[in-house]
Amino acid sequence: MNFVKTYPAHQNRVTEVIFSPDPEWVISTGHDKFLTWMCTLSGSLVGRHAFSSWASSLQYDEETRYAFVGDFAGQITLLKLEKEGCSVISTLKGHEGSISCLYWDPVQRYLFSGSSDHSIILWDIGGRQGRTLILQGHHDKVQGVCYLQLTRQLVSCSVDGGICVWNMDIEREEAPQWLESDSCQKCAQPFFWNIKQMWDTRTLGLRQHHCRKCGQAVCGKCSSKRSSYPIMGFEFQVRVCDSCYESIKDEDRTSLATFHEGKHNICFMTMDISRGLMVTCGTDRLVKIWDMTPTVGCSLATGFSPR
């Protein structure tokens with residue numbers, strides 16, 4: 001190995017680096033709250049964009065020169081990179097925790113984000129309709145995601161060693177927006193901040209909850225049931241109102257993902273999709289190589305080639 005060049009791109013820890021061959025750029029993010037892109041030919045700084053919190057993850061689309069930057073505040077910023085600077089196209093908000101990993105599929109134009117809130121969100125960038133799908137199947141921070149476009153599967157890994165393979169070749173339902181109300185939308189009992197109704201009815205206020213299936217604001221008595229609902233991404237049991245619980249059939253609870261144990265705390269994951277191989281790195285200082293072909297398939301039909 002021969003040392004070639006140093007790029008003074010950041011003043012703090014670098015979190016992601018991507019090389020773009022067409023404009024000859026090294027694009028990177030860091031804990032100094034900056035996204036930078038530098039010319040590999042001259043070694044000079046081409047552009048820089050500042051964020052309000054740590055830039056923790058990065059993906060880049062070669063065709064459009066769009067950069068997707070996830071930050072510690074839980075937002076994803078979409079920027080158009082140019083030689084003269086950059087412009088902010090959109091900001092995606094949906095996670096309750098910091099963004100820990102991103103994966104961009106340029107064919108379907110899907111962006112997948114994993115977060116410390118244990119969830120994954122699919123952002124349908126190509127659909128241009130703001131469609132988002134939430135996937136909840138991990139018990140800890142999601143550290144890596146990879147989408148297999150030919151088999152319509154998503155592979156994800158988390159800090160606790162959990163490995164999940166999601167079936168994305170189905171028409172999933174989008175989780176509803178949570179509704180706001182001053183009283184339960186089922187029994188009309190007031191919530192604890194609704195002082196006027198509490199006084200008028202001489203009743204104590206109740207705590208507000210939300211049904212994950214319909215999004216309505218409900219009290220604990222009207223949402224005493226729990227159920228999984230995989231078609232909406234809820235692989236674990238979540239709170240649902242009593243009427244939604246009755247509407248969920250047994251076949252609706254059939255899992256749409258498979259779960260596996262990595263047996264070490266995963267801090268990084270990547271895949272060689274062409275051969276069905278996955279590499280995980282753990283906090284135990286081990287690098288593990290996984291043959292994923294029994295799980296994701298290996299045939300000419302899927303596009304995988306034998307090793």
Side-chain angles (χ1 to χ4, degrees), residues 9-10 14-20 22-23 25-38 45-136 141-142 144-147 149 154 156 166 168 172-180 215 232-233:
H10 296 277
V14 178
T15 54
E16 291 276 359
V17 178
I18 292 177
F19 173 64
S20 178
D22 182 22
W25 288 346
V26 171
I27 309 166
S28 59
T29 53
H31 279 186
D32 58 358
K33 304 179 184 180
F34 276 100
L35 164 75
T36 65
W37 53 109
M38 305 191 69
L45 180 68
V46 179
R48 172 175 287 187
H49 181 79
F51 298 91
S52 59
S53 58
W54 290 350
S56 54
S57 50
L58 170 68
Q59 286 287 279
Y60 181 71
D61 183 63
E62 292 284 348
E63 181 182 354
T64 60
R65 295 190 179 180
Y66 282 174
F68 304 91
V69 181
D71 62 36
F72 203 73
Q75 297 184 166
I76 302 170
T77 305
L78 170 58
L79 305 104
K80 171 78 170 180
L81 303 189
E82 304 284 358
K83 292 182 179 179
E84 300 80 19
C86 69
S87 55
V88 176
I89 305 299
S90 179
T91 302
L92 308 177
K93 300 178 181 179
H95 285 290
E96 296 179 357
S98 60
I99 308 298
S100 50
C101 56
L102 294 173
Y103 187 87
W104 169 247
D105 177 58
V107 178
Q108 296 290 119
R109 306 195 70 77
Y110 289 160
L111 178 69
F112 296 90
S113 59
S115 171
S116 61
D117 63 9
H118 310 175
S119 70
I120 301 166
I121 296 183
L122 182 159
W123 309 86
D124 188 359
I125 305 297
R128 299 181 182 275
Q129 297 177 352
R131 187 174 74 107
T132 59
L133 298 176
I134 299 177
L135 304 174
Q136 294 186 349
K141 178 181 179 181
V142 180
V145 287
C146 183
Y147 181 61
Q149 196 272 329
L154 178 71
S156 60
W166 305 82
M168 305 302 294
R172 291 182 176 269
E173 294 181 16
E174 189 172 355
Q177 293 289 327
W178 285 5
L179 303 178
E180 294 300 329
M232 200 173 278

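Fair warning: this is a prediction, and the values are worked out from it, not measured in the lab.
Within the structure, every pair that satisfies the salt bridge (charged side-chain N to carboxylate O under 4.0 Å, His left out) test and touches residues 62-88, not counting sequence neighbours, is listed here: Asp22-Arg65.
For the pair Leu111/Leu92, a side-chain contact is recorded, criterion being any heavy-atom separation below 4.5 Å from C-beta on. Between Val17 and Ile27 there is no side-chain heavy-atom pair separated by less than 4.5 Å. When side chains are defined from C-beta on, Val69 does not count as touching Ile76, because their heavy atoms never get closer than 4.5 Å. Under the 4.5 Å side-chain criterion, counting only non-hydrogen atoms from C-beta, Gln108 is in contact with Gln149. With a 4.5 Å cut-off on side-chain heavy atoms, Leu81 and Trp25 count as touching. Counting heavy atoms from C-beta outward, Phe112 and Ile121 have side chains that stay 4.5 Å or more apart. The shortest side-chain heavy-atom distance between Leu135 and Leu122 does not fall under the 4.5 Å cut-off. With contacts defined as side-chain heavy-atom distances shorter than 4.5 Å, the pair Ile99/Gln75 does not qualify.
Classified by interplanar angle (parallel below 30°, tilted 30° to 60°, perpendicular above 60°), the ring pair Trp54/His31 is parallel.
Between Val46 and Met38, the shortest heavy-atom distance links the atoms CG2-C, 3.9 Å. Met232 approaches Glu174 most closely through the heavy-atom pair CE-O, 4.1 Å. Taking each heavy atom of Phe72 and Ser56 in turn, the nearest pair found is N-OG, 4.1 Å. Heavy-atom minimum distance, His95 versus Ser113: NE2-OG, 2.7 Å. When all heavy atoms of Tyr110 and Trp104 are compared, the pair lying nearest together is O-CE3, 3.2 Å. Nearest heavy-atom pair across Gly85 and Trp37 is O-CZ2, 3.3 Å.
Distance check, rounded to the nearest 0.5 Å: NZ of Lys93 to CD of Glu96 gives 14.0 Å. Between atom CZ of residue Phe68 and atom OG of residue Ser90 there is a gap of 10.0 Å, rounded to the nearest 0.5 Å. Rounding to the nearest 0.5 Å gives a distance of 6.5 Å between CG of Leu79 and CG of Leu35. The NE2 atom of His10 lies 9.5 Å from the CZ atom of Phe34; values are rounded to the nearest 0.5 Å. Distance check, rounded to the nearest 0.5 Å: CH2 of Trp166 to OH of Tyr147 gives 14.5 Å. Here the CH2-CG distance, from Trp123 to Leu102, works out to 10.5 Å after rounding to the nearest 0.5 Å.
Counting only distance, with no hydrogens or angles, the side chain of Ser100 and the backbone of Gly114 share a donor-acceptor pair below 3.5 Å. The backbone N or O of Val145 sits nowhere less than 3.5 Å from a side-chain atom of Ser156 that would complete a donor-acceptor pair. Distance alone, capped at 3.5 Å, places no donor-acceptor pair between the Asp61 side chain and the Tyr66 backbone.
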- [ ] Could you give me the CA-CA distance, side-chain angles and deciding distance for Thr29 and Thr15, then say whether side-chain hydrogen bond (donor to acceptor under 3.5 Å, both in side chains) is met?
- [x] CA-CA 6 Å; Thr29 53; Thr15 54; 2.7 Å; yes
Open item on the list: Test side-chain hydrogen bond (donor to acceptor under 3.5 Å, both in side chains) on Thr36 and Ser28; report intermediate values, then the result.
Closed with: CA-CA 5 Å; Thr36 65; Ser28 59; 3.0 Å; yes
Task: Intermediate values then yes/no, side chain to side chain contact (heavy atoms under 4.5 Å, CB included), Gln136 and Asp117 - done: CA-CA 9 Å; Gln136 294 186 349; Asp117 63 9; over 6 Å; no
Open item on the list: Could you walk me through whether Thr77 and Val88 satisfy the side chain to side chain contact (heavy atoms under 4.5 Å, CB included) test, starting with their C-alpha distance in whole Å, then the side-chain angles of each, then the deciding distance to 0.1 Å, before giving a yes or no?
Closed with: CA-CA 7 Å; Thr77 305; Val88 176; 3.9 Å; yes
- [ ] Check step by step if side chain to side chain contact (heavy atoms under 4.5 Å, CB included) holds for Leu154 and Cys146.
- [x] CA-CA 6 Å; Leu154 178 71; Cys146 183; 5.8 Å; no
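Inspection of the Ser116 and Ser98 side chains reveals an N or O donor paired with an N or O acceptor under 3.5 Å.
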